[in-house]
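Following: one structure in structure tokens, then a few remarks.
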Amino acid sequence: HSVQIIVKEDTTRIERWYTKGALKSQTQWVNDIPDRSVKYSTNGTSIVTLFENGRPYTDVTYASDGKRVLSIEYRKEQ
């Protein structure tokens, strides 16, 4: 687990979680509110969760090349 803090106009904190040295996930916080989260799969794909006002609103799945979008799933309001 590692934490990177960037202080500018807003404070950005990036937390990264590792398993056996491999990056498994990371979450970016802006002023202590979640902004973006990424989960990395062993097959190279990744799922990016975007937040609005601290609440997750969409999941974007990327191919292993990191460029092609495989799916976009919007979350319903709860």
Side-chain angles (χ1 to χ4, degrees):
H1 180 249
S2 72
V3 177
Q4 175 184 7
I5 298 175
I6 303 164
V7 179
K8 291 184 181 178
E9 193 170 305
D10 295 317
T11 300
T12 300
R13 182 176 82 236
I14 301 172
E15 295 184 4
R16 295 179 179 92
W17 287 268
Y18 299 87
T19 300
K20 296 181 181 177
L23 181 62
K24 292 299 178 184
S25 66
Q26 69 180 30
T27 302
Q28 178 175 308
W29 305 75
V30 177
N31 297 327
D32 291 325
I33 298 172
D35 182 58
R36 171 186 172 103
S37 178
V38 184
K39 293 180 184 173
Y40 302 96
S41 298
T42 55
N43 66 2
T45 61
S46 60
I47 299 172
V48 176
T49 300
L50 302 175
F51 294 79
E52 183 174 37
N53 298 322
R55 298 182 67 170
Y57 74 90
T58 191
D59 294 317
V60 181
T61 303
Y62 288 93
S64 58
D65 65 10
K67 297 177 183 176
R68 290 181 298 126
V69 174
L70 299 177
S71 70
I72 300 173
E73 182 179 333
Y74 291 95
R75 299 184 182 204
K76 295 180 180 179
E77 283 292 318
Q78 297 179 2

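The environment of Arg13 atom CZ is dense: over 12 non-hydrogen atoms of other residues, nucleotides or ligands sit within 6.0 angstrom.
In terms of hydrophobic clustering, with Ile, Leu, Val, Met, Phe, Trp and Tyr side chains grouped at heavy-atom distances under 4.5 Å, Tyr62 and Tyr57 are assigned to a common cluster. Hydrophobic clustering, with ILVMFWY side chains joined whenever heavy atoms are under 4.5 angstrom apart, keeps Phe51 apart from Tyr74. No continuous path of ILVMFWY side-chain contacts below 4.5 Å connects Trp17 to Tyr40, so the two sit in separate hydrophobic clusters. Val48 and Leu23 fall within a single hydrophobic cluster, where Ile, Leu, Val, Met, Phe, Trp and Tyr are joined by side-chain heavy atoms under 4.5 Å apart, directly or via other members. By the rule that hydrophobic residues join a cluster once side-chain heavy atoms approach within less than 4.5 Å of another member, Ile33 and Ile5 end up as members of separate clusters.
When all heavy atoms of Gly54 and Pro34 are compared, the pair lying nearest together is O-CG, 3.7 Å. Closest heavy-atom contact between Thr27 and Ser37: OG1-OG, 3.5 Å. The two atoms that bring Val38 and Ser46 nearest to each other are CG1-CB, 4.1 Å, heavy atoms only. Minimum interatomic distance between Pro56 and Thr49 (heavy atoms only, all atoms of both residues): CB-CG2, 3.7 Å.
Between Val30 and Gln28, the closest side-chain pair of non-hydrogen atoms falls below 4.5 Å.
Interatomic distance, CG of Asp10 versus CG of Asn31, reported as 4.5 Å (0.5 Å rounding). One finds the CD atom of Glu52 at 10.5 Å from the CG atom of Asp35 (value rounded to the nearest 0.5 Å).
Looking at Arg36, Gln4, Arg16, Glu15 one by one, the single match for side-chain contact (heavy atoms from CB on, under 4.5 Å) with Gln26 turns out to be Arg16. When each of Ile72, Val69, Ile47 is paired with Thr61, the side-chain contact (heavy atoms from CB on, under 4.5 Å) condition holds for Ile47 and for no other.
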